[in-house]
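We use all heavy atoms of the structure for the numbers below, so side chains are in, but hydrogens, waters and symmetry mates are not. We name chains A, B, ... by the order of the sequence lines, and we start the count at 1 in each one.
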Amino acid sequence: MSSAPFRNARGTRDLLPQDLVLVRHLERVAQKVASAASYREVRTPMFEETRLFQRSLGETSDVVSKEMFSVPKRGTEGAELNLADGYTFRPENTASIARAYVQGGFAASAPLQKWFYVGPMFRYERPQKGRERQFSQFGVEAFGPQSPTLDAEVVGVALQFFHALGFDDQLQVRVNSMGDPEDRAIWSEELRKFFADQFAGESTERCPDCVVRFERNVFRLLDCKVPRCVERNEGAPDLFSVMGDDAKRHHQEFGQALRAIGFEPVEDRSIVRGLDYYSRTVFEVHYPPLGARSALCGGGRYDGLVEEMGGRPTPGVGFSIGFTPTELALKELGLPHAADLQDLEDGLMPQVYAIGIGEEDRLELFRLVTELRQAGIRCELDHRGKSPKAQFQEAAKSGARFALVLGAEEREAKQIVLKDLAAKEERKVGQDEVLTLLHQGLGE
RNA sequence: GUGGAUGUAGCUCAGUUGGUUAGAGCAUCGGUUUGUGGUACCGAAGGUCGCGGGUUCGAGCCCCGUUAUCCACCCCA
């Protein structure tokens, strides 16, 4: 047996009471902005069949090819582990939700469904600042219409989220279009033709990653940040030059819809998103003052995904926001304002601290405390047999507004001392009226 | 997966050119005469200096390995 101390698994973290103040604030803001736009919450399982992600995100995506938390199915006794046939902890939620949409029978008639989710995702990556192996995301998915205003509505919800958290109008929406599948097929051909020379022969000026990209996913060549590769991307064919009219018009109308709600989109052809399922609209929400880590939200349209999951062709659009980068950004910006968290902080503190003078008072005090708790008052008492003085110290530290003091004298008279800890005023009251008085004093 | 930095009490950190029983602040617990408070004062507890080798008369300090954490790259949220 090892004597090494137990630790949380790499890339995970414990959310202790104090940490949960912020997390719960993020969750409720998410819930608020989503439901304001009629998105309803859904929760899918934390793990799915591995093939779901392979199919939807694409075998060549980084997420699927090297970042999956997978477990084999049981019962393949003696056989070597076959991870592809097993389960995988969801690395993102869109695939699961599209699956649930189809499985729930919605794809049969493709009605408008607007859903949101908040919950943990898992990716087997090397942890670093703003990146964990288990992290929470807030996201929305809208199925049904292919309308550009729906794209803009989705973006609007994301913007609302950051707005409600205190981000100012420096928030920026960067947009691009991946076109339709036919467009991408043509584009892919054109790109291969354009880059063919660069990858012909033994040696290439491109980075090793790009060599792989050329083989497996040409589009990603355009993503490369290596300077010498960026140079060599100049003059590459533009998707927009081969894009069909419908997709083009969609993109244009998407831009108009964003302007209608007060956002001037920034066209950014480098946004391609790493997952296979995107089509037409792709976007990111940035907050430029954050510098290198300015990307807060990514999303886009996935018109082919539902069909890929076995449903009738049903367009969809959504985004996801990672809590981890959001928390980092908030910290840097000095947000949220203390007032926004006050109610959550208050919830961590008792409102009343009950003090017993002698050992004989404990049961009576415990009974009284329990009564107050049942009435919804946050009430605490000492369980360690501390001296009255020490109990007063605890009461002061606890943040309670009132103290109750019970001694032999009060017990016999069915009374109790009610003390306002801030005003340092106390008076003896009947035990039967203490609840009413506390409700009054606490303004409830 | 590649590279860099770091690892001393629960937390944040000191620890001089390697030299006797490793320190501080915060937090914890107790006390300042036992029915009244977050201050102050006194005291206690708490460390195999990440782990394993090596060099040395002697290592928290030097060397090697290992592990963990953090940071950067890749990619992403």
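- Ring stacking holds between A:Phe135 and B:rA77, with the centres under 5.5 Å apart and the planes within 30 degrees of each other.
- Residue A:Arg220 is in sugar-phosphate contact alone, with no base atom involved, counting any heavy-atom pair closer than 4.0 Å across all strands shown.
- We find the CD1-OG1 distance between A:Ile271 and A:Thr281 to be 11.0 Å, quoted to the nearest 0.5 Å.
- Between A:Asp382 and A:Tyr353, the closest side-chain pair of non-hydrogen atoms falls below 4.5 Å.
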Which protein N or O atoms sit under 3.5 Å from an N or O of nucleotides 67-70 of chain B?
residue: B:rU69; atom: OP2; partner: A:Arg10; partner atom: NE; Å: 2.8

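- Contacts between residues 410-427 of chain A and RNA chain B, defined by a heavy-atom separation under 4.0 Å, are made by A:Glu410, A:Val417, A:Lys419, A:Leu421, A:Lys424, A:Glu426.
- Straight-line distance between the P atoms of B:rA77 and B:rG3: roughly 27 Å, to the nearest whole Å.
- The separation of B:rA40 from B:rU34, taken at their P atoms, amounts to 22 Å, rounded to a whole angstrom.
- With hydrogens and angles left out, the side-chain atoms of A:Arg174 and A:Gln172 include a donor and acceptor closer than 3.5 Å.
- Note: NZ (A:Lys389) to P (B:rU33) measures 7 Å, nearest angstrom.
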Under-3.5 Å N/O pairs linking protein and nucleotides 27-30 of chain B:
residue: B:rU28; atom: OP1; partner: A:Lys397; partner atom: NZ; Å: 3.4
residue: B:rC29; atom: OP1; partner: A:Arg384; partner atom: NH1; Å: 3.4
residue: B:rC29; atom: OP1; partner: A:Arg384; partner atom: NH2; Å: 2.6

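- Remark: P of B:rC76 and CG of A:Leu57 are 12 Å apart, rounded to the nearest angstrom.
- Residues A:Glu141 and A:Tyr302 have side chains that bring a donor and an acceptor to within less than 3.5 angstrom of each other.
- Residue pairs meeting the side-chain hydrogen bond (donor to acceptor under 3.5 Å, both in side chains) criterion with at least one member in residues 320-341 of chain A, sequence neighbours excluded: A:Arg13-A:Glu327, A:Glu132-A:Thr324.
- Ionic pairing of A:Arg427 and A:Glu425 is not present here: no N-O contact between side-chain nitrogen and carboxylate oxygen is shorter than 4.0 angstrom.
- We find that CZ of A:Phe283 is positioned 15 Å from C1' of B:rC76, with the value rounded to whole Å.
- Residue contacts for A:Gly130: at a heavy-atom cut-off of 4.0 Å it reaches a base atom on one of the strands shown.
- A:Phe167 has its side chain within reach of A:Leu296: a pair of non-hydrogen atoms, C-beta onward, lies under 4.5 Å apart.
- A:Trp115 places no side-chain N or O within donor-acceptor distance of the main-chain N or O of A:Phe143, the cut-off being under 3.5 Å.
- Only the C1' atoms considered, B:rC13 is 27 Å distant from B:rG30, to the nearest whole Å.
- The CD-C1' distance, from A:Glu409 to B:rU36, rounds to 14 Å in whole Å.
- Counting only heavy atoms from C-beta outward, the side chains of A:Thr314 and A:Tyr101 approach each other to under 4.5 Å.
- For B:rC26 and B:rU21, the P atoms lie 28 Å apart once the distance is rounded to whole Å.
- Spacing between atom CG of A:Leu328 and atom P of B:rC76 amounts to 19 Å, rounded to whole angstrom units.
- Comparing B:rA5 with B:rA24, their P atoms sit 32 Å apart, to the nearest whole Å.
- Whole-Å rounding puts the A:Glu380 CD to B:rG37 P distance at 20 Å.
- Taking the charged nitrogens against the carboxylate oxygens, A:Arg367 and A:Glu364 do have a contact shorter than 4.0 Å, which makes a salt bridge.
- Using a cut-off of 4.0 Å between Lys/Arg side-chain N and Asp/Glu carboxylate O, A:Arg269 and A:Glu267 are scored as salt-bridged.
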Secondary structure string for RNA chain B (Watson-Crick or G-U under 3.5 angstrom, | for other-strand pairs)
(((((((..((((.....[...)))).(((((.......))))).....(((((..]....))))))))))))....
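- Separating the C1' atom of B:rC11 from that of B:rG52 is a span of 28 Å, rounded to the nearest Å.
- As judged by a 4.0 angstrom heavy-atom cut-off over every strand, A:Ser387 is placed among residues making no nucleic acid contact.
- A:Glu92 comes within 4.0 angstrom of no nucleic acid atom, judged by non-hydrogen atoms across all strands.
- Between A:Glu67 and A:Arg133 there is no salt bridge, since no side-chain N of the basic residue sits under 4.0 Å from a carboxylate O of the acidic one.
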Tell me which donor-acceptor pairs under 3.5 Å the side chains of residues 411-423 of chain A have, and how far apart each pair is, sequence neighbours excluded?
residue: A:Arg411; atom: NH1; partner: A:Asp361; partner atom: OD1; Å: 2.1
residue: A:Asp420; atom: OD1; partner: A:Ala422; partner atom: N; Å: 3.0
residue: A:Asp420; atom: OD1; partner: A:Ala423; partner atom: N; Å: 3.1

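- In this entry the distance linking CD of A:Glu125 with P of B:rG1 reads 13 Å, nearest Å.
- Residue contacts shown for A:Val405 include a base, since a base heavy atom lies under 4.0 Å away.
- To the nearest 0.5 Å, atom CZ of residue A:Phe89 and atom CE of residue A:Met46 are 9.0 Å apart.
- Look at the C1' atom in both B:rU8 and B:rG47: the space between them is 8 Å, to the nearest Å.
- Computed from coordinates, the A:Asp62 CG to B:rU2 C1' distance equals 15 Å when rounded to whole Å.
- Aromatic pair A:Phe116/A:Tyr39: centroids not less than 6.0 angstrom apart.
- To the nearest whole angstrom, the two P atoms, one in B:rU56 and one in B:rU6, are 26 Å apart.
- A:Phe161 has its ring centre less than 6.0 Å from the ring centre of A:Phe138.
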